[in-house]
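What follows is a short report on a single structure.
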Amino acid sequence: MIRITSILFSVFCLTLTAQAEHIAITTPKTALVIHTQKGAMPQVLYYGARLSATDEAQIDVMSGYRQSVYPVYGLNSQGECALEVTHGDGSLATSLVLQSMETRHEENANITVLHLKDRVQPFFVDLYYKAYQAVDMIETWTEIRNDEKKPADLHQYASAYLPVRRGNVWLSTLYGSWANEGRVCEEPLQPGMKVITNRDGTRNSHTAHAELMLSLDGKPQENNGRVIGAALCYSGNYRLRIDTDDSDYHHLLMGICETGATYHLKKGETFRTPVVALTYSDEGLGGASRNFHKWGRKYRLMHGDKERKILLNSWEGVYFNITEEGMHQMMDDIAMMGGELFVMDDGWFGSKYQRNSDDAALGDWQTDTHKLPNGISALCDYAAKKGIKFGIWIEPEMTNTTSELYEQHPDWVLKAPGYEPERGRGGTQLVLDLANPKVQDFAFEVVDKLMTENPDIDYIKWDANMGIQNHGSQYLPKGEQSHTYIEYHRGFEKVCQRIREKYPDLTIQACASGGARANWGVLPWFDEFWVSDDTDALQRVYMQWGTSYFFPAIAMGSHIASSPNHQTFRTIPLKFRIDVAMSGRLGMEIQPKNMTEEEKTQAKKAIAEYKEIRPVVQFGDLYRLHSPYEKDGVASLMYVTETKDEAVFYWWKTETFCNQHLPRIRMAGLNPDRMYTIHELNRIDNKPLPFEGKQLSGRYLMDNGLEIPYTHNVDYNKLNAWSSRVLRLTAK
Ligand code: GLA
């Protein structure tokens, strides 16, 4: 007999009978239904749109799913497993069954816990589901506890497993490398195993990303079709597996990458996996993205409800050539253009060894008084005088072999016992061993000392420019070397937590050789991430497009850089560079003294206009309209406020040929029944666009779209191959 348990969300334990039951873990529009029976492994019955009571009542009979909620290795386990253990007595088999369930209500979410136990060993697994009640997101994670006499070795310990019904299922994921992050890859799932992994050690979103989307109705579409989105929220190595075996299912498993990381779970110890954030939408990739953005801004991103300041960062302007005069000049310029924050990048520190290139002084966080005779506080004062805030670059997880820190504490670096360490950036960089509490204290104190001495510092750019190239902790005992990656990230989280407890208002950017820390695992402590060291506006259209699959514009540092660009050497006019940067968290990465007066005026105007649309970009719903990856010569997206009162539309030409035919772009996300006044921002044309100031219905804009001229109407000497538009839409 099947009985339905409707979960009443107060703190209580559900008593289980031996009867089969099921539970529905729900968000406003989604449901995950799990079949439960005491003494048996729970099974996933359904994940998708929220069900009516009648449909849910019959789901046990209707569903073909019946896959273990957390497949384990040992008995009848020919497929991929979430958990593989060598128990204290040497046994390799695990067989988990449900003992009890628990549900409770937290402020924003309902939490369900399935308590499982091995049939033979005192070995326990708790599966957690945190279902948000205002956004469509379920966070799920696993806690593994060993009560056996001896330690148990965890060889596999995934955060979560989800069966996905086969059909024409497509995978969308992000790949890339330094200066080419966040590229979109779309492919149909085929028999065999698809593995997405990162083993950098410290950072994890160069190469690939720990998030994915599965389009269940064939080739991914932006605004149609059913999509499952999943993000592993973790700062370290990961492994995402999709096994397509001979069953009706694709088997999705997400978690820490266990290579080199067998975990010895002591008696009484609990191992908690990172969270997987799971969403479902029937509004295509765009719907899933909007779910990630809303959840992120509301519950996960540091200060997700606060507008970000418009900044100038010194890196591409002066690189390591920091001087007090130079910093003053940059502050003068950004203040004059209407910016709100100046960030002094690498090159400001070092005492015995100067930081004039990337090969020395990391770890020696004393101000270089040759460069800055009056110290940081004088720079903060100067910024205050100019009416702007001051920010600073640090890289607290690292050192150089040429540094006082390394001379004093050679035992603080990650190092394989008996081997000369492999060195990273500049031929001298090494990663500090954050497993070591003394190193954690040191990293915390880098921030604490800066903030204590200069309480006006408003922003920190926290960089991490090396992966773990030396597997070995000088702190961890010999028998726990395989915990190195895990303990590093536990240490990193502890440091972040301490910093946030003491400095809750500070803005902190996660930078890691550009965009290698774009992951929801770091964003509870960081306000944003640097998308890429590549500031080329055209390439940014592609990279920011991909990154927006999982991350909101408010978190994506997007800067106006110089032309020719320092990475691609492409020459792009300021208008296009502005129009791209304005679609994320706007900033500048340029030497303003090399800009013409006309360019400075243009930038000043853009900054003023960005301030007007900032809430729409930073808090609005994203609608991606036309992908640059379609190679149709144009890319377009827009942001719409939740009330649909305001929107900002972006249109970028991605290639230019004579007499080419570009698709007309239909808008999305507007209220069809409201009238919107159109106003072009950052206008450079001699004549306004034909629809400037006109009122058009949301219906027309979405059904038809506007004819955007392919070129700009400018004087002959200003004609060039580039074209872009930003339109502001305001509802009557
Ligand atoms: C990394 C960052 C850059 C810059 C340099 C400084 O590469 O990604 O933005 O801060 O370090 O050395």
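What you see below is based on every heavy atom in this structure, not just the backbone, and it leaves out hydrogens, waters and symmetry mates. Remember, it's 1-based here, ligands and their atoms both numbered in the order they're listed.
- Aromatic rings from Trp530 and Trp462 are positioned such that their centres are separated by 6.0 Å or more.
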Starting from the N and O atoms of ligand 1, find every protein N or O within less than 3.5 Å and list the pair with its distance.
{"residue": "ligand 1", "atom": "7 (O)", "partner": "Asp533", "partner atom": "OD2", "Å": "2.9"}
{"residue": "ligand 1", "atom": "8 (O)", "partner": "Gly514", "partner atom": "N", "Å": "2.8"}
{"residue": "ligand 1", "atom": "8 (O)", "partner": "Asp533", "partner atom": "OD1", "Å": "2.6"}
{"residue": "ligand 1", "atom": "8 (O)", "partner": "Asp533", "partner atom": "OD2", "Å": "3.0"}
{"residue": "ligand 1", "atom": "9 (O)", "partner": "Lys461", "partner atom": "NZ", "Å": "2.8"}
{"residue": "ligand 1", "atom": "9 (O)", "partner": "Asp533", "partner atom": "OD1", "Å": "3.2"}
{"residue": "ligand 1", "atom": "10 (O)", "partner": "Asp345", "partner atom": "OD1", "Å": "2.7"}
{"residue": "ligand 1", "atom": "10 (O)", "partner": "Asp345", "partner atom": "OD2", "Å": "3.2"}
{"residue": "ligand 1", "atom": "10 (O)", "partner": "Trp393", "partner atom": "NE1", "Å": "3.0"}
{"residue": "ligand 1", "atom": "10 (O)", "partner": "Lys461", "partner atom": "NZ", "Å": "3.1"}
{"residue": "ligand 1", "atom": "10 (O)", "partner": "Asp463", "partner atom": "OD2", "Å": "3.3"}
{"residue": "ligand 1", "atom": "11 (O)", "partner": "Asp463", "partner atom": "OD2", "Å": "2.9"}
{"residue": "ligand 1", "atom": "11 (O)", "partner": "Asn465", "partner atom": "ND2", "Å": "3.4"}
{"residue": "ligand 1", "atom": "12 (O)", "partner": "Asp346", "partner atom": "OD2", "Å": "2.6"}
{"residue": "ligand 1", "atom": "12 (O)", "partner": "Arg425", "partner atom": "NH1", "Å": "2.9"}
{"residue": "ligand 1", "atom": "12 (O)", "partner": "Arg425", "partner atom": "NH2", "Å": "3.0"}

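- Residues forming a side chain to side chain donor-acceptor pair (under 3.5 Å) with Gln408 (at least two apart in sequence, or on another chain): none.
- With hydrogens and angles disregarded, no donor-acceptor distance shorter than 3.5 Å links the side chain of Gln509 to the backbone of Cys511.
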Atom pairs and distances, side-chain donor-acceptor, residues 492-501, under 3.5 Å, sequence neighbours left out:
{"residue": "Gln497", "atom": "OE1", "partner": "Trp525", "partner atom": "NE1", "Å": "2.8"}
{"residue": "Gln497", "atom": "NE2", "partner": "Glu501", "partner atom": "OE2", "Å": "3.1"}
{"residue": "Arg498", "atom": "NH1", "partner": "Asp441", "partner atom": "OD1", "Å": "2.7"}
{"residue": "Arg500", "atom": "NE", "partner": "Trp525", "partner atom": "O", "Å": "2.8"}
{"residue": "Arg500", "atom": "NH1", "partner": "Tyr503", "partner atom": "O", "Å": "3.0"}
{"residue": "Arg500", "atom": "NH1", "partner": "Leu506", "partner atom": "O", "Å": "2.7"}
{"residue": "Arg500", "atom": "NH2", "partner": "Leu506", "partner atom": "O", "Å": "3.0"}
{"residue": "Arg500", "atom": "NH2", "partner": "Trp525", "partner atom": "O", "Å": "2.9"}
{"residue": "Arg500", "atom": "NH2", "partner": "Asp527", "partner atom": "OD1", "Å": "2.8"}

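- If you look at Phe550 and His293, their ring centroids are not closer than 6.0 Å.
- Annotation: salt bridge (charged side-chain N to carboxylate O under 4.0 Å, His left out) contacts of Asp534 (sequence neighbours excluded): none.
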